[in-house]
Amino acid sequence: MRRRKYEEFEEDNGTMLRYARHDNGGGFVESHAHVDPTAYIGESAYVDRDAVIGAGARIGTGAWIDRGAVVHAAAVIGSAAHVGAGAVVGRDAKIGARAKVGANAHVWDGARVDTDKVIPEGAVVRPGSRGRRAA
């Protein structure tokens with residue numbers, strides 16, 4: 001079965017978003033996002049406009065990196081996880097499968113967010129806190 005190379009969506013305000021498949025993994029990256037070529041974007045994952053994905057980061061199948069989010073080098077985002085708009089995931093941090101990181105939240109370098117955890121908007125997760133609100 002042939003995979004689509006591009007996807008296009010129209011936002012409520014009329015802005016067209018164009019997503020292309022990333023060479024490493026085949027996930028979709030919006031044309032105004034920046035993804036390092038060494039990052040892995042899993043099948044059916046989406047990286048939204050103005051998001052930044054660092055070197056060696058891994059975005060799991062079906063994950064969603066929202067508008068303006070930053071995933072630093074070597075971070076791992078689990079399958080079907082969501083990183084909210086403007087959120088920051090630090091170097092070597094790990095976000096579990098189906099976890100939700102709220103808008104403008106900050107997961108520090110090396111921190112872990114467990115599977116199915118919900119990190120509230122604006123929260124800070126430090127290493128060793130295991131995904132609990134640590135602001």
Side-chain angles (χ1 to χ4, degrees):
M1 185 170 140
R2 188 176 155 150
R3 296 185 326 172
R4 297 175 104 179
K5 190 171 183 172
Y6 298 100
E7 292 280 340
E8 289 184 339
F9 299 101
E10 184 176 356
E11 292 186 305
D12 292 338
N13 66 6
T15 302
M16 289 300 294
L17 300 176
R18 182 178 171 103
Y19 294 81
R21 289 198 179 271
H22 191 262
D23 289 337
N24 190 8
F28 288 102
V29 177
E30 205 278 334
S31 61
H32 291 92
H34 176 75
V35 177
D36 190 277
T38 64
Y40 175 85
I41 310 297
E43 185 77 27
S44 72
Y46 280 85
V47 178
D48 275 350
R49 179 169 268 202
D50 300 324
V52 177
I53 310 295
R58 295 189 56 82
I59 310 299
T61 301
W64 173 24
I65 310 304
D66 215 326
R67 182 180 289 261
V70 177
V71 177
H72 283 284
V76 176
I77 309 298
S79 60
H82 176 225
V83 177
V88 177
V89 177
R91 288 167 186 75
D92 298 310
K94 290 190 176 18
I95 308 297
R98 300 175 308 279
K100 310 254 182 281
V101 176
N104 301 308
H106 191 119
V107 178
W108 283 20
D109 293 352
R112 304 290 182 259
V113 173
D114 293 333
T115 297
D116 294 316
K117 276 287 196 198
V118 176
I119 304 302
E121 182 176 337
V124 175
V125 178
R126 292 179 174 88
S129 63
R130 302 294 298 177
R132 292 185 300 271
R133 187 175 180 151

Contact summary for [X] and [Y], nearest pair of heavy atoms:
X    : Y    : value
A45  : G60  : CB-O, 3.5 Å
G96  : A81  : O-CB, 3.7 Å
E121 : A103 : CG-O, 3.1 Å
A105 : P120 : CB-O, 3.8 Å
A99  : D114 : CB-O, 3.7 Å
A69  : G84  : CB-O, 3.6 Å

Measure the spacing between [atom1] of [X] and [atom2] of [Y] and express it to the nearest 0.5 Å.
X   : Y   : atom1 : atom2 : answer
D50 : E30 : CG    : CD    : 7.5 Å
Y40 : T61 : OH    : OG1   : 5.0 Å
L17 : H32 : CG    : NE2   : 9.5 Å

All side-chain hydrogen bond (donor to acceptor under 3.5 Å, both in side chains) counterparts of H34, not counting sequence neighbours: none
For the residue pair Y46 and Y19, does the interplanar ring angle fall in the parallel (under 30°), tilted (30 to 60°) or perpendicular (over 60°) class? perpendicular
Ignoring hydrogens and angles, write down the donor-acceptor pairs under 3.5 Å from the side chains of residues 86-94, residues two or more places apart or on other chains.
none

Report, as yes or no, whether the 6.0 Å neighbourhood of atom CG on D12 holds more than 12 heavy atoms from other residues, nucleotides or ligands. no
Enumerate the residue pairs fulfilling side chain to side chain donor-acceptor pair (under 3.5 Å) with a member in residues 95-110, sequence neighbours excluded, ordered by first and then second residue. R98-D116
Pairs touching residues 66-83 that satisfy side chain to side chain donor-acceptor pair (under 3.5 Å), sequence neighbours left out: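 Of all non-adjacent pairs touching residues 66-83, those that pass side chain to side chain donor-acceptor pair (under 3.5 Å) are E11-R67, D66-H82.
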For T38, enumerate each residue passing the side chain to side chain contact (heavy atoms under 4.5 Å, CB included) test, keeping only those at least two apart in sequence or located in another chain.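 With neighbours one apart ignored, the set is D36, A55.
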ILVMFWY cluster, [X] and [Y] together (side-chain gap under 4.5 Å):
X   : Y    : answer
F28 : I65  : no
W64 : V118 : no
I95 : V35  : yes

Would you mind telling me which of V47, V70, I77 makes a side chain to side chain contact (heavy atoms under 4.5 Å, CB included) with I53? V47
Can you tell if the side chain of I59 reaches within under 4.5 Å of the side chain of H22, non-hydrogen atoms only?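 When only atoms from C-beta onward are counted, H22 and I59 do not touch, as no gap falls below 4.5 Å.
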Salt bridge (Lys or Arg N to Asp or Glu O under 4.0 Å) with E8: which residues, sequence neighbours excluded?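 Residues passing salt bridge (Lys or Arg N to Asp or Glu O under 4.0 Å) with E8: R18.
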Under 3.5 Å donor-acceptor, R58 side chain and G56 backbone: no
